[in-house]
Colleague: 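Once you've had a glance at the structure underneath, I'll fire off some questions.
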Amino acid sequence: MPGASSNVVRVRFAPSPTGFLHVGGARTAIFNWLFARRHQGVFVLRIEDTDVERSTRESEASLLDDLRWLRLDWDEGPDTGGAAGRYRQSERLDEYRSQAQKFMAAGFAYSCFCTDEQLQARKEAARAAGRPPQYDGTCRALTEDEVEGRRKEGLPEAIRFKVPDEVIRFEDLIRGDVALASNTVGDFVLLRSNGRPTYNFAAAVDDHAMEITHVLRGEEHLPNTLRQVLIYNALGASIPRFGHLPLILAEDRSKLSKRHGAASIGELRAQGFLPEAVVNYLVLLGWSHPQGKEVLSVDELGKDFALERVGKAAAIYDRKKLLWMNGQHIRRKSVDALFPVADPYFPDDIRSIYDENGRREILRLLQDTIENLGDLEAECAPFRSPVQIDSEAREELTAADARPVLAALAEELEKMGDELTEPLFKDMMKTVGRSTGIKGKQLFFPVRAAITGAVHGPELAGVAAIKGRDALLELIGRAQGIGESTS
RNA sequence: GUCCCCAUCGUCUAGUCUGGCCUAGGACACCAGCCUUUCACGCUGGCGACACGGGUUCAAAUCCCGUUGGGGACGCCA
């Protein structure tokens with residue numbers, strides 16, 4: 001595919017399949033995806049599984065799964081094929097090996113036979129002496145004979161890049177002019193002694209082979225960018241544009257990592273966050289809409305997103321605002337659009353009591369109150385069977401006014417046909433109020449307590465209509481029993 | 001330790017490039033009130049920041065320098 005260059009924007013998201021997708025990675029993926037969208041470009045998904053020990057196919061599968069859930073569709077990737085053919089680095093080993101050989105031949109790289117122990121010892125010594133713990137170039141000076149000798153001894157052989165002494169300058173899409181001195185890094189490994197490439201080598205070789213035009217990634221990669229540019233130079237290739245995104249930090253201001261609670265996308269999904277809310281929230285960590293809009297649809301984001309409005313300062317991940325954002329998106333959806341995604345979050349007992357229409361009605365009632373779909377579990381309490389009566393509700397049922405109110409309501413219910421609607425229930429309550437002379441909270445609390453088991457909850461008439469006459473009569477009967485036994 | 005990056009309300013941010021319109025705007029959270037039979041939703045209001053010190057300038061949140069603070073990177077991890 002080299003040679004097929006054109007002006008299309010090509011970006012990539014290149015996770016390593018060593019764990020779950022987490023908000024930091026997701027944010028990087030989102031920015032790349034949005035950038036591709038905005039420029040009618042190509043979004044490439046590449047799997048960086050060069051670490052044999054830690055990479056797993058399960059992680060890869062869950063990564064793709066989370067990406068799909070976020071609706072970040074890729075144009076080229078491990079499952080789609082594409083111009084580059086292979087999008088897993090483990091399937092591209094021949095590329096890295098042959099490139100490493102070319103570097104050796106051209107004098108850009110050399111063999112290294114240092115052992116882990118030696119490396120470790122020198123690193124500690126350097127640290128103790130207050131020097132940066134970089135590779136000291138021991139094997140750089142090896143003669144051809146010495147190299148041959150070590151090979152014959154069967155020593156493990158790695159290939160290191162001969163870092164030239166120079167200053168790399170480039171215009172970062174987000175941070176502006178960046179100058180990085182190559183003497184801040186030692187001769188780094190290109191090919192491990194097990195024949196696998198390291199991250200920096202594989203990433204640079206692939207970004208070049210896949211004709212990536214813009215590399216958007218977290219700021220922690222700035223030192224890697226230096227190494228990768230050096231490789232690009234050795235390749236004789238022109239470098240892509242780089243943009244280093246500000247980091248997402250945990251509440252304690254350290255880099256957000258797996259230890260920091262529910263920061264994995266999978267968990268957010270399990271808890272009932274909507275993908276559009278997660279995307280919306282994460283984009284706002286570092287980017288702001290030109291008109292200051294906050295609640296945005298994915299389409300709006302795709303239309304208005306631009307790197308120019310991405311800031312440089314790290315941002316702290318705030319779950320409270322994510323929750324608020326999620327509530328906003330839940331409320332924006334029509335019940336019909338929300339139902340398919342919300343339905344799996346109904347607890348099993350509710351599912352067995354109410355059919356699809358029943359659950360849809362419950363959702364309609366709860367849509368304005370919940371912050372995430374996981375709240376459905378708790379908010380469904382009034383609809384469970386049997387209804388649990390909490391202590392506050394119990395107190396209401398033993399109040400003096402409870403007995404006449406409940407009796408009158410039961411009487412009204414007995415008189416009606418079987419179709420109980422919200423307006424009908426409201427009328428009944430009016431009638432009960434008139435006949436008993438009780439009004440306001442004294443009128444409503446006992447009824448609420450009897451039919452929902454709590455003094456707080458969704459709109460009473462709505463609950464009543466969903467439950468229906470027979471269930472109501474039964475609940476009232478039970479409540480009357482409680483009122484009498486305790487009074 | 002060395003190198004690099006960053007710096008506006010507790011948090012996300014607008015404003016900074018192109019100094020004056022900034023007695024610094026919005027959002028989350030928090031507090032109060034309203035709405036409501038309740039909780040929530042919603043609405044209204046309140047609290048709350050230009051890290052500090054020097055310059056430059058008629059004028060600085062905005063430009064420059066320093067200090068402090070925070071973060072990241074220094075792997076045969078990515």
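Throughout, a chain's letter reflects where its sequence line sits, starting with A, and its residues are numbered from 1.
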Colleague: Quiz question: by atom type and distance under 3.5 Å, do the side chains of A:Thr138 and A:Asp136 form a donor-acceptor pair?
Modeller: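 Present: a donor and an acceptor within the cut-off.
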Colleague: If B:rG1 has a Watson-Crick or G-U wobble mate with both distances under 3.5 Å, name it; if not, just say none.
Modeller: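 Base partner found: B:rC74.
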Colleague: May I ask you to verify if any side-chain N or O of A:Thr198 is less than 4.0 angstrom from the OP1 or OP2 atom of B:rA78?
Modeller: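 No, A:Thr198 has no side-chain N/O under 4.0 Å of OP1/OP2 on B:rA78.
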Colleague: Does a side-chain N or O from A:Thr369 land closer than 4.0 Å to OP1 or OP2 of B:rC41, or not?
Modeller: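 It does not, given that no N or O in the side chain of A:Thr369 lies less than 4.0 Å from OP1 or OP2 of B:rC41.
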Colleague: Only one of A:Asp375, A:Val341, A:Leu338 passes side chain to side chain contact (heavy atoms under 4.5 Å, CB included) with A:Ile330; say which it is.
Modeller: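 Passing option: A:Leu338.
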Colleague: Taking a pair as Watson-Crick or G-U wobble with both distances under 3.5 Å, which nucleotide is matched to B:rC9?
Modeller: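 Looking at the geometry, B:rC9 pairs with no nucleotide.
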Colleague: A:Arg127 has an atom CZ; how far is it from atom P of B:rC74, in whole Å?
Modeller: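 My rounded result for the distance is 10 Å.
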Colleague: How long is the line joining CG of A:Asp390 and P of B:rC39, in whole Å?
Modeller: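 Rounded to the whole Å, the gap is 15 Å.
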Colleague: Dump the pairs, protein N or O against N or O of nucleotides 3-7 of chain B, anything under 3.5 Å, distances to one decimal.
Modeller:
residue, atom, partner, partner atom, Å
B:rC5, O2', A:Arg175, NH2, 2.9

Colleague: Can you figure out which of B:rA78, B:rG72, B:rU11 approaches the side chain of A:Ser254 most closely?
Modeller: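 Among the listed nucleotides, the one closest to the side chain of A:Ser254 is B:rG72.
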Colleague: Output the rounded distance in Å from CG (A:Leu409) to P (B:rU37).
Modeller: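 So the CG-P distance, A:Leu409 to B:rU37, works out to 17 Å.
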Colleague: Give one of base, sugar-phosphate or nothing for A:Leu191, where a contact means two heavy atoms less than 4.0 Å apart.
Modeller: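 No contact at all - A:Leu191 keeps every heavy atom at 4.0 Å or more from the nucleic acid.
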Colleague: Under 6.0 Å from the six-membered ring centre of A:Phe161 and within 45° of its axis: does the NZ or CZ of A:Arg227 meet both?
Modeller: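 Output no; distance or angle outside limits.
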Colleague: So A:Tyr199 and A:His221, would you call those rings parallel, tilted or perpendicular, with 30° and 60° as cut-offs?
Modeller: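 Rings of A:Tyr199 and A:His221: tilted, as their planes differ by 30° to 60°.
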Colleague: Which nucleotide in the list B:rU13, B:rA78, B:rG15 gets nearest to the side chain of A:Arg309?
Modeller: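 From the listed options, B:rG15 comes nearest.
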Colleague: Taking atom P of B:rC35 as reference, at what distance in whole Å does atom CD of A:Glu459 sit?
Modeller: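 Value for this atom pair: 17 Å.
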Colleague: Please measure how far the C1' atom in B:rC63 lies from the corresponding atom in B:rG19, and state the result in whole Å.
Modeller: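 One C1' to the other, the span is 8 Å.
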Colleague: Considering only the P atoms, how many Å lie between B:rU8 and B:rG70, rounded to the nearest integer?
Modeller: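 These two P atoms come out 14 Å apart once rounded.
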Colleague: Identify all side-chain donor-acceptor contacts of residues 423-435 of chain A below 3.5 Å with residues at least two apart in sequence or on another chain.
Modeller:
residue, atom, partner, partner atom, Å
A:Thr431, OG1, A:Asp427, O, 2.9
A:Ser435, OG, A:Thr431, O, 3.3
A:Ser435, OG, A:Val432, O, 3.1

Colleague: Quantified in whole Å, what is the C1' atom distance between nucleotide B:rG20 and nucleotide B:rU57?
Modeller: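 The same atom, C1', in both gives a distance of 11 Å.
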Colleague: Above 12 or not: heavy atoms from other molecules or residues under 6.0 Å from CD of A:Glu395?
Modeller: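 Not buried by this count: 12 neighbours or fewer within 6.0 Å.
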Colleague: Would you be so kind as to tabulate the donor-acceptor pairs closer than 3.5 Å made by side chains of residues 306-315 of chain A, with sequence neighbours excluded?
Modeller:
residue, atom, partner, partner atom, Å
A:Arg309, NE, A:Ser288, O, 2.9
A:Arg309, NH2, A:Ser288, OG, 3.1

Colleague: Starting at CG of A:Asn200 and ending at C1' of B:rA73, how long is that distance when rounded to a whole Å?
Modeller: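 Between C1' of B:rA73 and CG of A:Asn200: 12 Å.
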Colleague: In whole Å, measure the gap between the C1' atoms of B:rC22 and B:rC30 for me.
Modeller: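 Each nucleotide's C1' atom is 26 Å from the other's.
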Colleague: Can you tell me if A:Arg160 touches the phosphate of B:rC76, counting only side-chain N or O atoms and a distance under 4.0 Å to OP1 or OP2?
Modeller: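 Yes, within the criterion.
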Colleague: With sugar-phosphate meaning primed atoms plus P, OP1 and OP2, does A:Ala158 contact a base, only sugar-phosphate, or nothing at under 4.0 Å between heavy atoms?
Modeller: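 Base contact.
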Colleague: Using the C1' atom in both, what is the distance from B:rA59 to B:rC12, to the nearest Å?
Modeller: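 After rounding to an integer number of Å, I get 31 Å for this pair.
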Colleague: Look at the side chain of A:Phe444 and decide which nucleotide, out of B:rG1, B:rU37, B:rA78, has an atom nearest to it.
Modeller: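 So the nucleotide nearest the side chain must be B:rU37.
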Colleague: RNA chain B: A:Pro223 or A:Asp187, which has the more 5' nearest nucleotide?
Modeller: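 Nearest-nucleotide comparison on RNA chain B picks A:Pro223.
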Colleague: Rounding to an integer number of angstrom, what distance separates B:rC74 and B:rA40 when you compare their P atoms?
Modeller: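 My reading of the P atoms in B:rC74 and B:rA40 gives 48 Å.
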Colleague: Measuring from the side chain of A:Arg253 (C-beta onward, heavy atoms only), which nucleotide among B:rU38, B:rU11, B:rG75 has the closest atom?
Modeller: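 Taking heavy atoms from C-beta onward, the closest nucleotide is B:rU11.
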Colleague: For a quick check of understanding: with a heavy-atom distance under 4.0 Å over all strands, which category does A:His244 fall into, base, sugar-phosphate or nothing?
Modeller: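 Counting heavy atoms under 4.0 Å across all strands, no contact is made by A:His244.
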Colleague: What distance, rounded to whole Å, do you find between the two C1' atoms, one in B:rU13 and one in B:rC64?
Modeller: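 Pairwise C1' distance, B:rU13 against B:rC64, rounds to 26 Å.
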Colleague: Identify the two heavy atoms, one from A:Leu216 and one from A:Asn32, that lie closest to each other, and give their separation to 0.1 Å.
Modeller: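 Nearest heavy atoms, A:Leu216 then A:Asn32: O-ND2, 2.9 Å.
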Colleague: Are A:Arg151 and A:Glu157 ion-paired here, with the side-chain N under 4.0 Å from a carboxylate O?
Modeller: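 A:Glu157 and A:Arg151: salt-bridged.
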Colleague: Extract all donor-acceptor atom pairs below 3.5 Å that involve side chains of residues 438-453 of chain A and protein atoms in other chains or at least two apart in sequence.
Modeller:
residue, atom, partner, partner atom, Å
A:Arg448, NH1, A:Pro458, O, 3.1
A:Arg448, NH2, A:Pro458, O, 3.1
A:Thr452, OG1, A:Arg448, O, 2.8
A:Thr452, OG1, A:Ala454, N, 3.2
A:Thr452, OG1, A:Ala454, O, 3.0

Colleague: Sugar-phosphate atoms are those with a prime plus P, OP1 and OP2; base atoms are the rest. Using that split, label each nucleotide of nucleotides 21-33 of chain B B, S or - for protein heavy atoms under 4.0 Å, 5' to 3'.
Modeller: -----BBSS----
Colleague: Which parts of nucleotides 45-52 of chain B does protein reach within less than 4.0 Å, heavy atoms only, written one letter per nucleotide 5' to 3' as B for base, S for sugar-phosphate only and - for none?
Modeller: --------
Colleague: Please tell me which of the listed nucleotides, B:rG71, B:rU38, B:rC76, lies nearest to the side chain of A:Lys123?
Modeller: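 The closest nucleotide is B:rC76.
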Colleague: Verify, without hydrogens or angle tests, whether A:Asp49 (side chain) and A:Gln89 (backbone) share a donor-acceptor contact under 3.5 angstrom.
Modeller: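 Here the side-chain-to-backbone pair exists.
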Colleague: Whole-Å distance between B:rU36 P and A:Met429 CE?
Modeller: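 One finds 17 Å between P of B:rU36 and CE of A:Met429, rounded.
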Colleague: Less than 3.5 Å between a donor and an acceptor, one on the side chain of A:Asn224 and one on the base of B:rA78, is that the case here?
Modeller: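 Yes, the side chain and the base share a sub-3.5 Å donor-acceptor pair.
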Colleague: Could you tell me how far apart A:Ile316 (CD1) and B:rG10 (C1') are, to the nearest whole angstrom?
Modeller: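 Distance check: A:Ile316 CD1 to B:rG10 C1' gives 9 Å.
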Colleague: For A:Glu91, look at atom CD and say whether over 12 heavy atoms of other residues, nucleotides or ligands are found less than 6.0 Å away.
Modeller: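 Yes, CD of A:Glu91 has more than 12 neighbouring heavy atoms, counting only those of other groups under 6.0 Å.
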Colleague: In terms of side-chain heavy atoms of A:Lys441, which of B:rC12, B:rU37, B:rC41 is nearest?
Modeller: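 Selected nucleotide: B:rU37.
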Colleague: Separation of A:Tyr317 atom OH from B:rU13 atom P, in whole Å?
Modeller: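 Nearest whole value for this atom pair: 14 Å.
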Colleague: Do A:Trp287 and A:Phe305 pass the ring pair (Phe, Tyr, Trp, His ring centres under 6.0 Å) test, and can you show the C-alpha distance, the side-chain angles, and the key distance before you say yes or no?
Modeller: CA-CA 8 Å; A:Trp287 175 82; A:Phe305 179 80; 5.7 Å; yes
Colleague: Starting the side chain at C-beta, find the nucleotide from B:rU11, B:rA78, B:rU13 nearest to A:Ser16.
Modeller: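 Minimum distance to the A:Ser16 side chain belongs to B:rA78.
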Colleague: For A:His289 and for A:Gly440, locate the closest nucleotide of RNA chain B by heavy-atom distance; then report the residue assigned to the nucleotide nearer the 5' terminus.
Modeller: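 Result of the comparison: A:His289.
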Colleague: Check every strand shown and say whether A:Gly286 touches a base, only sugar-phosphate, or nothing at a heavy-atom separation below 4.0 Å.
Modeller: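 Here A:Gly286 touches the backbone only, sparing every base.
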Colleague: Assign A:Arg217 to base, sugar-phosphate, or nothing according to its heavy-atom contacts below 4.0 angstrom with the strands shown.
Modeller: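 Nothing, no nucleic acid heavy atom in range.
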Colleague: Just by distance, with hydrogens left out, do A:Ser297 and A:Arg332 show a side-chain donor and acceptor under 3.5 Å apart?
Modeller: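 No pair is found: no donor N or O on one side chain lies under 3.5 Å from an acceptor on the other.
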Colleague: Taking the six-membered ring of A:Phe31 (Phe, Tyr or Trp), confirm whether the NZ or CZ of A:Arg27 is under 6.0 Å from its centre and within 45° of its axis.
Modeller: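 Satisfied, under 6.0 Å and within 45°.
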Colleague: Can you tell me, in whole Å, how much space there is between the P of B:rG69 and that of B:rC76?
Modeller: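 Those two atoms are separated by 32 Å.
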